[in-house]
Asker: 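If you scroll down you'll find the structure; I have some questions about it.
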Amino acid sequence: MLLIDTSVWVSVFRDGLRPTEGQRSGQIRQQLETLIADREVLLTRFTQLELLQGSLNEQEWTLLSTYLATQDYIELTVHSWQAAARIYYDLRRQGLTVRSPIDCCIAQAALENNLLLIHNDRDFETIAQVLSLQHLRFQA
């Protein structure tokens, strides 16, 4: 199962909106579709939050909200929150910086559910230096 981070979805959506000789490229979306193939895909509620808060207008909000309502989500447990805080704490004590505690929550969700995290975010690379986070950097 795959956990797709917001950083990937943002690239996909930007590519769909970026004109290439007057048309949408869609190349990044195709790369993601190839990667996903017939695998189960999950998101976190953080992705839902981050994508919706980035909406440019009411039309985009409605489009994203409708799409996100059809997705499957992995939920954090009571244990997840403290474990995510521990990731942040342990990294900081080792002199490693993660820019967002949200990324620690997402990494924890991937770790405790044995998910492959697909991302384009250096924070996950930092986390993977210390923890056995299964991850793949999606560079479009």
Side-chain angles (χ1 to χ4, degrees):
M1 289 194 299
L2 305 176
L3 180 60
I4 311 290
D5 180 57
T6 307
S7 56
V8 173
W9 293 115
V10 167
S11 295
V12 170
F13 294 144
R14 281 188 183 150
D15 178 54
L17 299 174
R18 184 179 349 143
T20 304
E21 300 174 13
Q23 296 182 347
R24 295 177 182 176
S25 163
Q27 184 178 26
I28 296 172
R29 178 184 52 81
Q30 287 185 323
Q31 287 176 336
L32 182 61
E33 285 177 356
T34 299
L35 177 66
I36 290 172
D38 291 319
R39 297 158 105 177
E40 186 176 352
V41 171
L42 298 169
L43 288 82
T44 67
R45 294 294 176 179
F46 295 109
T47 296
Q48 182 182 35
L49 171 76
E50 291 171 335
L51 290 174
L52 286 172
Q53 76 184 17
S55 296
L56 299 176
N57 53 46
E58 193 65 36
Q59 180 183 8
E60 190 171 285
W61 173 278
T62 301
L63 182 67
L64 281 171
S65 181
T66 301
Y67 173 75
L68 291 169
T70 67
Q71 301 307 298
D72 293 320
Y73 293 89
I74 191 75
E75 302 293 346
L76 296 177
T77 66
V78 171
H79 165 77
S80 305
W81 298 99
Q82 185 169 348
R86 187 68 195 209
I87 291 170
Y88 193 93
Y89 172 81
D90 287 344
L91 289 171
R92 192 181 70 217
R93 303 253 316 159
Q94 294 180 40
L96 299 170
T97 302
V98 174
R99 296 167 296 157
S100 171
I102 287 176
D103 289 341
C104 294
C105 293
I106 294 167
Q108 180 59 33
L111 286 163
E112 66 190 40
N113 292 284
N114 198 30
L115 303 173
L116 175 61
L117 176 61
I118 309 299
H119 67 90
N120 190 14
D121 185 328
R122 71 177 185 232
D123 284 345
F124 297 117
E125 302 282 338
T126 301
I127 292 168
Q129 289 179 35
V130 176
L131 298 170
S132 58
L133 178 65
Q134 297 178 65
H135 70 102
L136 177 66
R137 185 121 191 200
F138 181 82
Q139 295 179 323

Asker: Going only through I, L, V, M, F, W and Y residues with side-chain contacts under 4.5 Å, is there a path from I87 to I74?
Answerer: yes
Asker: Of the non-hydrogen atoms in R137 and N120, which two are nearest, and what is the gap between them?
Answerer: NE-OD1, 3.0 Å
Asker: Does the side chain to side chain contact (heavy atoms under 4.5 Å, CB included) test come out yes or no for Q71 and Q48, once each step is laid out?
Answerer: CA-CA 10 Å; Q71 301 307 298; Q48 182 182 35; over 6 Å; no
Asker: Are there over 12 heavy-atom neighbours, none belonging to Q53, within less than 6.0 Å of that residue's CD?
Answerer: yes
Asker: Answer whether the closest heavy-atom distance between the side chains of T126 and T97 falls below 4.5 Å.
Answerer: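 No, side chains not in contact.
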Asker: What is the distance from atom CD1 of I118 to atom CH2 of W9, rounded to the nearest 0.5 Å?
Answerer: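 Rounded to the nearest 0.5 Å, the CD1-CH2 separation comes out at 11.0 Å.
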Asker: Between N57 (side chain) and E60 (backbone), is there a donor-acceptor pair under 3.5 Å?
Answerer: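 Yes.
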Asker: Does E125, at its CD atom, have more than 12 non-hydrogen atoms belonging to other residues, nucleotides or ligands within less than 6.0 Å?
Answerer: yes
Asker: Does any N or O in the side chain of S80 come within less than 3.5 Å of the main-chain N or O of T77, such that one atom is a donor and the other an acceptor?
Answerer: yes
Asker: What closest approach, in Å, do I127 and A107 show between heavy atoms, and which atom pair accounts for it?
Answerer: CD1-CB, 3.8 Å
Asker: Quick check for you: to the nearest 0.5 Å, what is the distance between Q108 atom CD and L131 atom CG?
Answerer: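 With rounding to 0.5 Å, CD (Q108) is 8.0 Å from CG (L131).
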Asker: For this output row, return yes or no: ring centroids of F124 and H135 closer than 6.0 angstrom.
Answerer: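 No; H135 has its ring centre 6.0 Å or more from that of F124.
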Asker: Indicate, with yes or no, if L3 and L35 share a hydrophobic cluster defined by side-chain heavy-atom contacts under 4.5 Å among Ile, Leu, Val, Met, Phe, Trp and Tyr.
Answerer: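 No.
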Asker: Do V41 and V10 share a hydrophobic cluster, counting only Ile, Leu, Val, Met, Phe, Trp and Tyr and linking them when any side-chain heavy atoms are less than 4.5 Å apart?
Answerer: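 Per the 4.5 Å side-chain linkage, V41 and V10 are co-clustered.
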Asker: Find the distance between OH (Y88) and CD1 (I102) and round it off to the nearest 0.5 Å.
Answerer: 11.5 Å
Asker: Are the side chains of Q129 and Q94 in touch, meaning some heavy atoms are under 4.5 Å apart?
Answerer: no
Asker: Given the rule that I, L, V, M, F, W and Y join up when any side-chain heavy atoms are under 4.5 Å apart, are L91 and L111 in one cluster?
Answerer: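 L91 clusters together with L111.
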Asker: Step through the shown structure and confirm whether more than 12 heavy atoms of other residues, nucleotides or ligands are within 6.0 Å of CD on Q134.
Answerer: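 Yes, because the 6.0 Å sphere around CD of Q134 holds more than 12 heavy atoms from other groups.
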Asker: With no hydrogens and no angle check, is any side-chain donor or acceptor of N113 less than 3.5 Å from a backbone partner on L115?
Answerer: no
Asker: Within the supplied structure, the quantity of interest is the number of heavy atoms (other residues, nucleotides, ligands) at a distance under 6.0 Å from R93 CZ; does it exceed 12?
Answerer: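 No.
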Asker: Distance-only, no hydrogens or angles: does the Y73 side chain make a donor-acceptor pair with backbone N or O of L68 under 3.5 Å?
Answerer: yes
Asker: Considering all heavy atoms of both residues, which atom of S65 and which atom of L52 are nearest to each other, and what is their separation?
Answerer: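 In terms of heavy atoms, the two residues are closest at N-CD2, 3.7 Å.
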Asker: So which heavy atom on L51 is nearest to which on L64, and how close?
Answerer: O-CD1, 3.5 Å
Asker: Determine whether more than 12 heavy atoms belonging to other residues, nucleotides or ligands lie under 6.0 Å from atom CZ of R45.
Answerer: yes
Asker: Check the pair M1, R39 against side chain to side chain contact (heavy atoms under 4.5 Å, CB included), reporting the backbone distance first and the verdict last.
Answerer: CA-CA 6 Å; M1 289 194 299; R39 297 158 105 177; over 6 Å; no
Asker: Would you say V130 and D90 make side-chain contact, with heavy atoms under 4.5 Å?
Answerer: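 Counting from C-beta outward, V130 and D90 never come under 4.5 Å.
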Asker: Taking all heavy atoms of L116 and all of L136, pick out the closest pair and write down the distance.
Answerer: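 Where L116 meets L136 most closely, the heavy atoms are CD1-N, 4.1 Å.
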Asker: Just verifying a value: how many Å separate I4 CD1 and I36 CD1, rounded to the nearest 0.5 Å?
Answerer: 4.5 Å
Asker: When rounded to the nearest 0.5 angstrom, what distance separates CZ in R92 from SG in C104?
Answerer: 10.5 Å
Asker: Distance from D121 atom CG to T6 atom OG1, nearest 0.5 Å?
Answerer: 9.0 Å
Asker: Spell out, yes or no, whether L76 and L2 are grouped together once hydrophobic residues are joined by side-chain heavy atoms under 4.5 Å, including indirect joins.
Answerer: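 Looking at the clustering, L2 is in a separate group from L76.
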Asker: Looking only at heavy atoms, what is the nearest atom pair of T66 and T62, with distance?
Answerer: OG1-O, 2.8 Å
